[in-house]
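Data first, discussion second: the structure below is written as structure tokens.
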Amino acid sequence: MEPFLITISLVCVLGALIYIYLSWNFNYWRNRNVNGPRPNLVFGNVPALIKHNRHMAFDMQEIYEKYKKSGERFVGIFMTRNPQILVIDPKTVREIMVSNFKAFRGNESSLWINRNVEKVSIRNPFFCLTEEWKERRIDVVGGLSANRLKSAIPIIFGACNKLTEFVRNELAQSKNVIDLKAICYNYTVEVVSDFIWGINADAFKSGKTANVILEMSRNLLDTSFKRTSFYYMSGLAPFLRNLSKMRFFPKESDDFFMKIQKDALELRLRNKNDRPDYLNYLIQLSEKKNVSLIDMIGHSMTVLLDAFETSAAMMYHALYYLASNQTAQNKLRKEIMDNLDEHNGISYDTLMELPYLDQCINETIRLTSPIPVFSRRCIEQTFLENSENVNIQIDPGMMLHIPTYAIHHDPEIFPNPNDFIPERFNDGFAKELTQKGSFLPFGDGPRICAGMRLGQLETKAGVFEIIRNFKLSRKDDNTSKHIVDPGAFIIGLAGDLLVEFELIK
Ligand code: HEM
């Protein structure tokens, strides 16, 4: 045969083999009588995970909206070529996360980590496989109880003071327009450094980018985004995941925080300083049970990661929505002023229970949904009832996705879903919706966010501090919309969020 014909034949055979490989699983859901969208040969049903043309939350939202209309409780989708489930019905959400948690106690993030090369992050409950998850979670949350946070309130207010001082100084120099993102990240870095290790990060002093703790924390998140992208792309050939030495968190950040932890620990043991912070808790924990230095670093990094990024995102979005809505801002300011104590301050209990502040935070977290989709992995064979009341068998290993962003923007649950309306959370509505599986800002069930209380405290304290001291207004006109950043790990508005600050006399 002609060499040309041989080449053509080989290319055709190769093409056919690739096609068969990529589409091999595509009958998986049809064979099980589960409805779902037709997958793209290469990208499956969630192309944004690989293309990054928009945030993947929107791919999920499209599927959710289409199949909610046809009354499905869940649909079969494909992440590249891998069959998975997208949950639609809130009762099924509750069943997976709460009542049948035993069968669905795994999650997808435990698979993102390369366990051969990472020693610190594998200690974070978010990345733990089911066997070690429970113990690690108990150890982490022990240091975040209401009583411990109550004692640590001076630490949080210390960071609030630095925040106000910084803004006041800017205003004194006629720099009235300030990027909310920059100040909120500086604030959360101040909180975490002081709360975890008793370190003064001086984030506001060193400007926008020069602070080393801030840079290292950012570094952690940038690398993790690359690793998750790789994880989804390698869904086409999963064996690559084990071959790759790519890390979720960069080694230099691990080493940096390891040194901070060691130094802070040595100093604390030498000075016998009984400070109400997380390091103090870890020392007490190590006196009770065998906790290695690397365990301590793992727990500290767990707190660092979310108390830095997710809480900052909550705070700058809340302030941005308040700057866009003067009525809500004035109402909140009045509530704050009415609840100041005789020293012009506020107690932990009062702060955490201010009803309108709580509504503003709930509305922000609904609108933004920082973790827009979370997953559960089936660990034991079980069944889910479909819309025709037929039990569908779910096998161990099956991944199920809960599209919180889509649920939080469902107009049947939240009318005018794109508007900031804190009043919709009047009268305990948030709790009622969570129990119905329709409002899940921190997840639900035994795997609910381990740092919910700290995240709320940090955010509420920061918003309280800004709103009582400054009047905020949007610099751009209220109609211009920021797009959601497609390349970010958590969901959030892209670009600087510029807001005009005015000191309240
Ligand atoms: C306001 C900020 C925060 C938000 C919106 C948030 C949101 C979430 C969500 C949605 C989940 C997934 C829950 C699920 O799968 O059911 C989660 C898990 C988790 N969060 Fe947070 N979080 C925040 C702050 C924090 C903080 C400050 C910590 C510090 C310790 C933290 C630690 C964790 C951990 C360890 C998990 C994994 C829990 C497990 O799998 O057992 N989070 N968070």
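Numbering of ligands and ligand atoms starts at 1, following listing order. No experiment lies behind these values; they were computed from the predicted model shown.
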Worksheet item: With a cut-off of 6.0 Å (strictly less than), are more than 12 heavy atoms of other residues, nucleotides or ligands near CD of Glu135?
Response: no
Item to complete: Among all protein heavy atoms, pick the one closest to atom 40 (O) of ligand 1 and tell me residue, atom and distance.
Response: Arg447 NE, 2.7 Å
Worksheet item: Can the ring centres of Trp197 and Tyr281 be said to be less than 6.0 Å apart?
Response: no
Discussion item. Considering both backbone and side-chain atoms of Glu458, is one of its nitrogen or oxygen atoms within less than 3.5 Å of a nitrogen or oxygen in ligand 1?
Written reply: no
Item to complete: Would you please classify the geometry between the Phe195 ring and the Tyr278 ring as parallel, tilted or perpendicular, with 30° and 60° separating the classes?
Response: tilted
Discussion item. For atom 10 (C) of ligand 1, what's the nearest protein heavy-atom neighbour? Residue, atom name and distance, please.
Written reply: Pro441 O, 3.4 Å
Discussion item. Between Glu432 and Lys436, is the salt bridge (Lys or Arg N to Asp or Glu O under 4.0 Å) condition met? List the steps.
Written reply: CA-CA 6 Å; Glu432 187 189 318; Lys436 287 184 181 160; 3.3 Å; yes
Worksheet item: Looking only at protein heavy atoms, which one is nearest to atom 38 (C) of ligand 1, and how far off is it?
Response: Arg137 NH1, 3.3 Å
Practice prompt. Enumerate the atoms of ligand 1 whose separation from the nearest heavy atom of Trp133 is less than 4.0 angstrom.
Written response: 39 (C), 40 (O), 41 (O)
Worksheet item: What is the number of protein N/O/S atoms located under 2.8 Å from atom 21 (Fe) of ligand 1?
Response: 1
Practice prompt. Please say whether Ser311 places an N or O atom under 3.5 Å from an N or O atom belonging to ligand 1.
Written response: no
Worksheet item: So, do Phe58 and Tyr405 have ring centers that fall under 6.0 Å from each other?
Response: yes
Worksheet item: Should Ser375 be counted as touching ligand 1, given the test is an N or O pair under 3.5 Å?
Response: no
Fill in: Atom indices of ligand 1, in the order listed, that fall short of 4.0 Å to a heavy atom of Asn124
35 (C)
Worksheet entry | Structural part of Gln456 in contact with ligand 1, heavy atom criterion under 4.0 angstrom | neither
Item to complete: Before giving the answer on salt bridge (Lys or Arg N to Asp or Glu O under 4.0 Å), spell out for Glu132 and Arg115 the whole-Å C-alpha distance, their side-chain angles and the decisive distance to 0.1 Å.
Response: CA-CA 13 Å; Glu132 72 250 22; Arg115 307 192 105 71; 3.3 Å; yes
Item to complete: Could you tell me the separation between the CD1 atom of Ile361 and the CG atom of Leu357, rounded to the nearest 0.5 Å?
Response: 5.0 Å
Practice prompt. Could you tell me whether the side chains of Asp194 and Asn200 share a donor-acceptor contact shorter than 3.5 Å?
Written response: no
Fill in: For Thr302, the ligand 1 atoms whose distance to one of its heavy atoms is below 4.0 Å
35 (C)
Discussion item. If the cut-off is 4.0 Å to any non-hydrogen atom of Met314, which atoms of ligand 1 fall inside it?
Written reply: 1 (C)
Worksheet item: Can you check whether Phe126's main-chain N or O pairs, donor with acceptor, with Asn107's side chain at less than 3.5 Å?
Response: yes
Worksheet entry | For Asp444, the ligand 1 atoms whose distance to one of its heavy atoms is below 4.0 Å | 16 (O)
Discussion item. As a quick check of understanding, evaluate salt bridge (Lys or Arg N to Asp or Glu O under 4.0 Å) for Asp444 and Arg376, giving each step before the final call.
Written reply: CA-CA 11 Å; Asp444 202 358; Arg376 290 291 182 269; over 6 Å; no
Worksheet item: Can you tell me if Thr404 has a non-hydrogen atom under 4.0 Å from ligand 1?
Response: no
Response to the item:
closest protein heavy atom to atom 15 (O) of ligand 1 is Arg376 NH1, 2.8 Å
Worksheet item: Under the 6.0 Å and 45° cation-pi test, does Arg366 pair with Phe414?
Response: yes
Worksheet item: Leu144 heavy atoms, cut-off 4.0 Å: which ligand 1 atoms fall inside?
Response: 30 (C)
Discussion item. So that I know where these two stand, are Tyr185 and Tyr316 an aromatic pair - ring centroids less than 6.0 Å apart?
Written reply: yes
Item to complete: Indicate, as side chain, backbone, both or neither, the part of Ile365 found under 4.0 angstrom from ligand 1 when only non-hydrogen atoms are considered.
Response: side chain
Discussion item. Filter on ring-ring contact (aromatic ring centres under 6.0 Å, His included), then keep only pairs touching residues 435-468, sequence neighbours left out; what's left?
Written reply: His408-Phe439, Phe425-Phe439
